[in-house]
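What follows is a single structure, written as structure tokens, with notes after it.
A note on names: the letters A, B, ... follow the listed sequences, proteins ahead of strands, and every chain is numbered from 1.
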Amino acid sequence: MSTIGYGKRGASNLTWLRNKMVKTPAKKQSTLFSFFNKTPTRGVALSSIKAVETRKRIDNTKGKKRKVGDVVDITDDETSENSKRTTLHKVVRENDSDKNTALGSTDFELTDEERQWLFREALAANRNYCGVGECSSTHMNNTALNSAQSLPKYKVTQERLVTSKSVVALDIDRQPGMVKVEGGSGDLQLTTTSPAVTHSVPVKKENVISNLAEIAMPSKGGVLFLDMSQTFSELEKESGRIKNSFVLIRFIWRVLCESQDELIEAVYLLMGMLAPSYENIALGVGSASLAKIIVDTTGSNRNTFRALASEHGDMGEAAYRLAPKQRSQMFVVQKKALRMSTVHSQLLHLSKISGSKAQSKREGVLRKLFVGSSPVEMKYLVRLCELNLRVGAAPKTILTCLAYSLYMYLHLNIVTEEEYVKYDLNQLRKDPDVQIATQSLLSAYSRCPNPRVVLETALRLKDIKGLAENCPLTPGIPVKPMLGKPVTSIHALMEKLQDAMKSNKFSADQSNNQEKQDAAVKYIKPEEKAGQEHLTAQQPFVKVEHDLHINTESPSIFCCETKYDGQRVQVHRLSDGTYRFFSRNLLDNQAWPDLIPMLQQSAAQAQARTSGLLSDEVGTANLDAKAKANAGDESIVRVSADAGNTSVSFIIDAEVVAVRRNEKKPEQRAILPFQTLSTRGRNNVEVGRINVQVCLMIFDIMLYDDRALTSIPLLGRRRTLQRVFDVIPGCVEFTDSIETSSEAEVTAHYRKSIVIGEGLMCKRLTDVYETGERGDSWFKLKKDYIVEADAPAKAQPETGESCKDGEGAEKSLCGDSLDLVPIAAWRGMGRKAKWYSPYLLAAYDRETGYYHSVCKVMSGFTDEVYKRFHRDMTMEGLSSKPSDYIVSDTFRPAIWFPPTRVWEIRGADLTISPVHTAGQGMVAEDSNKGVSFRFPRFIRERAAEDKAPEDATSTAEVVEMFFAQGQKIDSGIRDDE
DNA sequence: GCTGTCTGCCCC
DNA sequence: ATTCTGC
DNA sequence: GCAGAATGGGCAGACAGC
């Protein structure tokens with residue numbers, strides 16, 4: 001008997017065999033083949049053992065005339081034992097009344113080519129679409145049963161099984177509920193267990209496959225999803241970034257050479273994406289439905305799956321382990337090799353499913369994919385569905401590797417294996433030319449985050465180094481926003497800014513670059529005295545002129561802006577006058593139609609002001625009245641348009657905040673908390689029914705009138721901004737900012753900013769807008785980052801207590817922390833699978849003696865601390881929830897703890913919580929809502945003698961603190977004038 | 001039509 | 001959002 | 001210092017199920 005199934009095979013075996021294969025001349029491969037049959041490599045072992053039993057039985061039947069139902073093995077040629085020729089015998093029902101199954105008898109041999117191919121397939125382990133073999137009827141039935149049962153919820157009616165001895169091809173066709181027999185004899189009857197549907201599949205003559213190669217070989221070559229899955233697998237095993245990047249480079253290079261038509265899909269999948277983010281693709285498949293589908297398609301059950309997923313901290317791994325590995329033992333199972341483009345299009349298809357029964361339709365699509373995949377493929381299909389590959393290579397790494405691969409392919413013209421292996425990738429890494437190419441691609445992507453555009457541009461131009469220039473900023477396509485880096489004290493901030501000045505970015509090189517990149521802007525290098533290391537605060541150091549005639553000179557080194565607690569938006573106005581809004585993560589954001597007339601007004605006023613055309617109509621426009629108009633109402637647009645050309649394109653960076661702006665008394669106008677903003681509708685927002693008013697706080701401009709401003713310094717961009725927009729109080733404003741070089745002024749602005757907003761942003765005025773994230777020249781300072789010792793006002797006596805506001809005391813300049821009791825925990829996922837994560841924390845109600853949950857924490861623990869807590873607290877663990885713990889019953893932690901510890905937890909704000917129970921009923925009218933903690937993180941464990949659980953922050957204190965900050969927010973009136 | 005559950009390259 | 005880890 | 005990973009609170013929206 002020879003059976004080639006598929007299954008997990010040790011890498012060493014696989015490699016060894018593969019090498020053997022490559023090095024063995026074709027003639028000898030038949031020998032190898034039989035060796036393979038008898039060698040219990042993992043995954044074939046089971047079949048091999050059974051093969052022995054089978055062979056014995058066959059020996060007993062020798063000499064008898066074969067009848068239908070007899071077992072004929074695939075053995076070495078019976079007539080010449082030594083020749084090792086392999087024959088497949090097919091014995092089928094002759095004389096069968098059922099015409100569908102009367103097939104006649106066919107014997108055929110494997111050609112060398114076919115055998116070789118089969119061998120390869122077997123070696124490829126999970127390229128599973130080929131399994132050849134036959135066995136005793138008992139064995140066959142069992143195997144068939146197993147095979148079929150491993151399909152989603154099928155069971156096989158045994159007595160109607162195909163009668164042995166045939167090459168049967170099952171084409172599952174990735175159709176749940178559809179199993180098609182393409183060859184063989186008899187009926188294959190499969191019954192689904194849920195729902196109860198029976199498929200009786202007659203084996204038709206026309207489906208008999210006479211040429212094994214025909215069925216077994218993939219329709220075309222190229223790089224398959226299997227190859228991709230194995231690449232992922234390799235990445236996960238290794239931790240070295242460089243080593244892994246070589247694996248990726250090779251893979252992408254292979255795709256370039258062998259499957260270029262699928263390159264884009266491949267790159268998307270590698271990046272864990274399906275489309276540019278601004279296309280707002282969402283699969284609608286989360287962990288719950290994924291779990292269900294995995295359970296279904298592996299024929300497993302919920303508890304087994306859960307246990308496995310929890311043990312490994314990974315649903316993909318659980319799927320991998322549950323996926324049937326012996327599926328094709330007795331069949332030649334042909335499933336079309338899963339192609340990367342198929343995976344991509346099927347997943348994309350998921351996102352397009354909506355409406356009633358959407359869930360089951362999505363499950364159907366996924367089932368098809370899963371059933372048609374091998375374990376490794378399944379593992380990464382699961383990960384892809386989670387859009388979280390976690391193989392240590394996120395989009396940026398992929399893009400870097402893509403640049404290398406493209407470089408090798410396009411610039412070095414490496415297109416064959418021989419050429420490839422000759423190349424030293426380590427050498428390549430150091431090549432300045434390659435580095436330029438890499439930077440160029442990354443830069444292109446950050447300005448045009450659309451893999452398809454970048455790739456197609458590269459392939460069209462056959463060039464990567466010039467990619468950046470050929471992927472310009474485009475209104476309508478979001479750019480990656482600059483992000484701020486947290487700093488923990490004003491002192492640290494000043495140091496960073498000074499350091500930044502020393503490593504002066506204003507080298508001659510850069511200014512040349514800027515001139516090249518942006519012809520519209522002329523940058524004049526600051527005059528430098530010979531030998532001067534860096535510029536001092538006293539001298540004007542930036543001067544930018546461009547054709548907006550903005551004179552920008554400033555003695556200041558940096559600017560400080562209030563950081564508002566709202567939502568980041570990138571606003572684009574296209575030259576046709578349409579507006580688009582993008583979120584921080586570059587999603588197309590439909591939530592702000594009411595901003596359109598405001599911006600239009602602001603731009604029109606500015607235009608009128610600067611061109612001296614300010615009309616009364618524009619100047620006195622009652623925006624509040626107009627803002628209530630529908631977005632489609634052109635009144636404002638028309639009025640503004642009269643004032644000048646307001647369809648000039650722009651891209652600006654801003655924060656949307658919720659405001660109360662329509663109050664008559666100015667002191668009642670206010671910026672509202674983030675939680676209020678978040679209650680606004682998200683899509684199909686109708687201007688007339690908006691319940692939360694918003695104000696746009698603008699702070700940067702990246703493009704104006706189709707000219708990129710990203711390469712001019714912040715100072716120039718700020719001046720441009722102030723020129724092309726007018727403030728409309730409560731609607732469009734600039735962030736409250738100062739330009740300064742003095743620590744005292746920074747501190748003063750910080751004090752102001754933590755009242756108005758959530759902190760301070762500090763930026764060097766010399767910095768260009770570096771789309772993408774690598775330029776960390778923006779710093780953010782928030783109250784809760786600041787540690788006590790570094791607080792600007794050293795008003796707090798050193799008590800060892802956390803930095804908390806005392807009653808009546810002046811507000812401290814550092815954030816809140818709570819002393820909470822860990823009462824439960826879940827098991828971590830991924831790299832935290834060995835530990836508890838997150839922990840559930842509670843405050844103590846001193847009146848009732850109950851513990852009420854406040855938040856979960858997963859941040860702030862080092863691995864060591866995780867280890868220690870896991871070790872110690874497992875022993876303390878309780879199997880069920882103590883009755884004095886008041887927590888939402890939707891929480892199902894893995895373990896509960898007695899109240900023995902107190903942890904200091906730091907966070908930003910206290911929020912009204914629909915799930916946490918501390919202060920329940922005391923903070924929101926007519927509701928049972930409690931209080932929770934935003935951005936919680938673990939700081940340290942308090943010594944038992946220092947603080948007992950009963951001394952932890954009480955629920956009453958939590959409520960008190962909530963109201964204390966609430967007052968602050970409500971009274972935080974903007975200084976409108 | 002109401003409620004509960006799940007999802008989100010969600011927003012922070 | 002925050003934070004830690006490996007490179 | 002970067003890149004990656006693992007998670008926090010809480011909202012609207014979309015479905016499923018009654």
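Considering only side-chain N and O atoms, A:Asn585 lies under 4.0 angstrom from the phosphate OP1 or OP2 of B:dC10. At D:dC11, none of the side-chain N or O atoms of A:Thr679 fall inside 4.0 Å of OP1 or OP2 (strictly under the cut-off). Residue A:Ser837 places none of its side-chain N or O atoms closer than 4.0 Å to OP1 or OP2 of D:dA6. Distances shorter than 4.0 Å separate none of the side-chain N or O atoms of A:Ser678 from OP1 or OP2 on D:dA12. OP1 or OP2 of D:dG8 has at least one side-chain nitrogen or oxygen of A:Lys856 nearer than 4.0 Å. Regarding contacts with the backbone of D:dC2, a side-chain N or O of A:Lys485 is found under 4.0 angstrom from either OP1 or OP2. In this structure, A:Gln359 does not reach the D:dA14 phosphate: none of its side-chain N or O atoms is under 4.0 Å from OP1 or OP2.
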Inset, instruction - Quick one: do A:Glu317 and A:Leu308 satisfy side-chain contact (heavy atoms from CB on, under 4.5 Å)? Show the steps, please. - result: CA-CA 8 Å; A:Glu317 182 67 25; A:Leu308 261 180; over 6 Å; no
Inset, instruction - Step by step, work out the salt bridge (Lys or Arg N to Asp or Glu O under 4.0 Å) result for A:Asp816 and A:Lys783. - result: CA-CA 8 Å; A:Asp816 293 321; A:Lys783 202 177 155 180; 5.4 Å; no
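The side chain of A:Ser913 sits closest to D:dG10 out of D:dA6, B:dC12, D:dG10. For A:Arg568, taking side-chain heavy atoms from C-beta onward, the closest of the listed nucleotides D:dC11, B:dC12, D:dG8 is B:dC12. Closest to the side chain of A:Ala288, from the set B:dC9, B:dC6, D:dA5, is B:dC6. Listed candidates were D:dC11, B:dT7, D:dT7. Nearest to the side chain of A:Met829 is D:dT7. Closest to the side chain of A:Arg682, out of D:dG9, C:dT3, D:dA12, is D:dA12. The side chain of A:Lys563 sits closest to C:dA1 out of D:dC2, D:dA5, C:dA1. Listed candidates were B:dC11, C:dT2, D:dA6. Nearest to the side chain of A:Met858 is D:dA6. The side chain of A:Lys782 has C:dT2 as its nearest neighbour among C:dT2, D:dC15, C:dT5. Looking at the side chain of A:Phe935, the nearest of the listed nucleotides D:dG8, B:dC9, D:dG1 is D:dG8. With distances taken from any side-chain atom of A:Asn683 to the nucleotides D:dG13, D:dC15, B:dC12, the minimum falls on D:dG13.
Taking atom CZ on A:Arg390 and atom P on C:dC4, their separation rounds to 21 Å, with Å as the unit. Between the P atom of D:dC2 and the CE atom of A:Met482 lies a distance of 12 Å, rounded to the nearest Å. D:dA12 atom P lies 11 Å from atom CG of A:Leu677, rounded to whole Å. Counting to the nearest Å, the P atom of B:dT7 and the CG atom of A:Leu366 are 12 Å from each other. Atom-to-atom, CG of A:Asn388 to C1' of B:dC10 comes out at 15 Å; the value is rounded to the nearest Å. Summarising the geometry, the separation between OH on A:Tyr564 and P on B:dC12 is reported as 17 Å, rounded to the nearest angstrom. Spacing between atom CZ of A:Phe938 and atom C1' of C:dC4 amounts to 13 Å, rounded to whole angstrom units. Distance, A:Lys237 NZ to C:dG6 P: 21 Å, rounded to whole Å.
Contact annotation for A:Ile912: backbone-only contact, meaning every heavy-atom pair under 4.0 Å involves sugar-phosphate atoms and none involves a base. Using a 4.0 Å heavy-atom distance criterion, A:Ser239 is classed as a sugar-phosphate-only contact. Contact annotation for A:Leu586: no contact, since no heavy-atom pair falls under 4.0 Å across all strands. At a threshold of 4.0 angstrom between heavy atoms, the contacts of A:Ile281 are confined to the sugar-phosphate backbone, with no base atom among them. Residue A:Lys243 is classed as having no contact, given no heavy-atom separation below 4.0 Å to the nucleic acid. Among the protein residues, A:Val391 comes within range of the sugar-phosphate backbone only, with heavy atoms under 4.0 Å from sugar or phosphate atoms but none that close to a base. Counting any heavy atom pair closer than 4.0 Å across all strands shown, A:Asn589 reaches sugar-phosphate atoms only and no base atom. Heavy atoms of A:Arg831 sit under 4.0 angstrom from primed sugar atoms or phosphate atoms, though from no base atom. Within the nucleic acid shown, A:Gly566 comes within 4.0 Å of sugar-phosphate atoms alone, with no base atom in reach, counting heavy atoms only. Among the heavy atoms of the strands, none lies under 4.0 Å from A:Thr890. Contacts of A:Gly907 with the nucleic acid, taken as non-hydrogen atoms under 4.0 Å apart, are absent.
Looking at A:Asp588 and A:Gln590, their side chains do bring a donor and an acceptor atom within 3.5 Å of each other. At a cut-off of 3.5 Å, with distance as the only test, no side-chain donor of A:Arg241 or A:Ser245 sits close to an acceptor on the other residue.
Between A:Glu234 and A:Lys237 there is no salt bridge, since no side-chain N of the basic residue sits under 4.0 Å from a carboxylate O of the acidic one. A salt bridge does not link A:Lys763 with A:Asp700: none of the charged nitrogens is closer than 4.0 Å to a carboxylate oxygen. Salt-bridge annotation for A:Arg937 and A:Asp784: present, with a side-chain N of the basic residue lying under 4.0 Å from a carboxylate O of the acidic one.
Nearest-nucleotide assignment on DNA chain D puts the 5′-proximal partner with A:Leu389, out of A:Cys855 and A:Leu389. Residue A:Lys780 is the one, among A:Asp863 and A:Lys780, whose nearest nucleotide of DNA chain C lies closer to the 5' end (criterion: closest heavy atom). DNA chain D is contacted by both A:Asn684 and A:Gly392; A:Gly392 maps to the nucleotide lying nearer its 5′ end (nearest heavy atom per residue). Between A:Glu864 and A:Tyr785, the residue whose closest nucleotide on DNA chain C is further toward the 5' end is A:Tyr785.
Here, B:dC9 and C:dA1 have their C1' atoms 16 Å apart, quoted to the whole Å. Comparing D:dG8 with B:dC6, their P atoms sit 16 Å apart, to the nearest whole Å.
Summarising the base pairing, C:dG6 is matched to D:dC2 through a Watson-Crick or G-U wobble pair whose two defining distances lie under 3.5 Å. Base pairing of D:dG10 is made with B:dC10, judged by Watson-Crick or G-U wobble geometry with both donor-acceptor distances under 3.5 Å.
Note that the CG atom of A:Leu841 and the CG atom of A:Leu818 stand 9.5 Å from one another [nearest 0.5 Å].
Atom CZ of A:Arg868 sits in a crowded spot, with more than 12 heavy atoms from other residues, nucleotides or ligands closer than 6.0 Å.
With hydrogens and angles ignored, no donor-acceptor pair under 3.5 angstrom links the side chain of A:Arg584 to the base of B:dC11.
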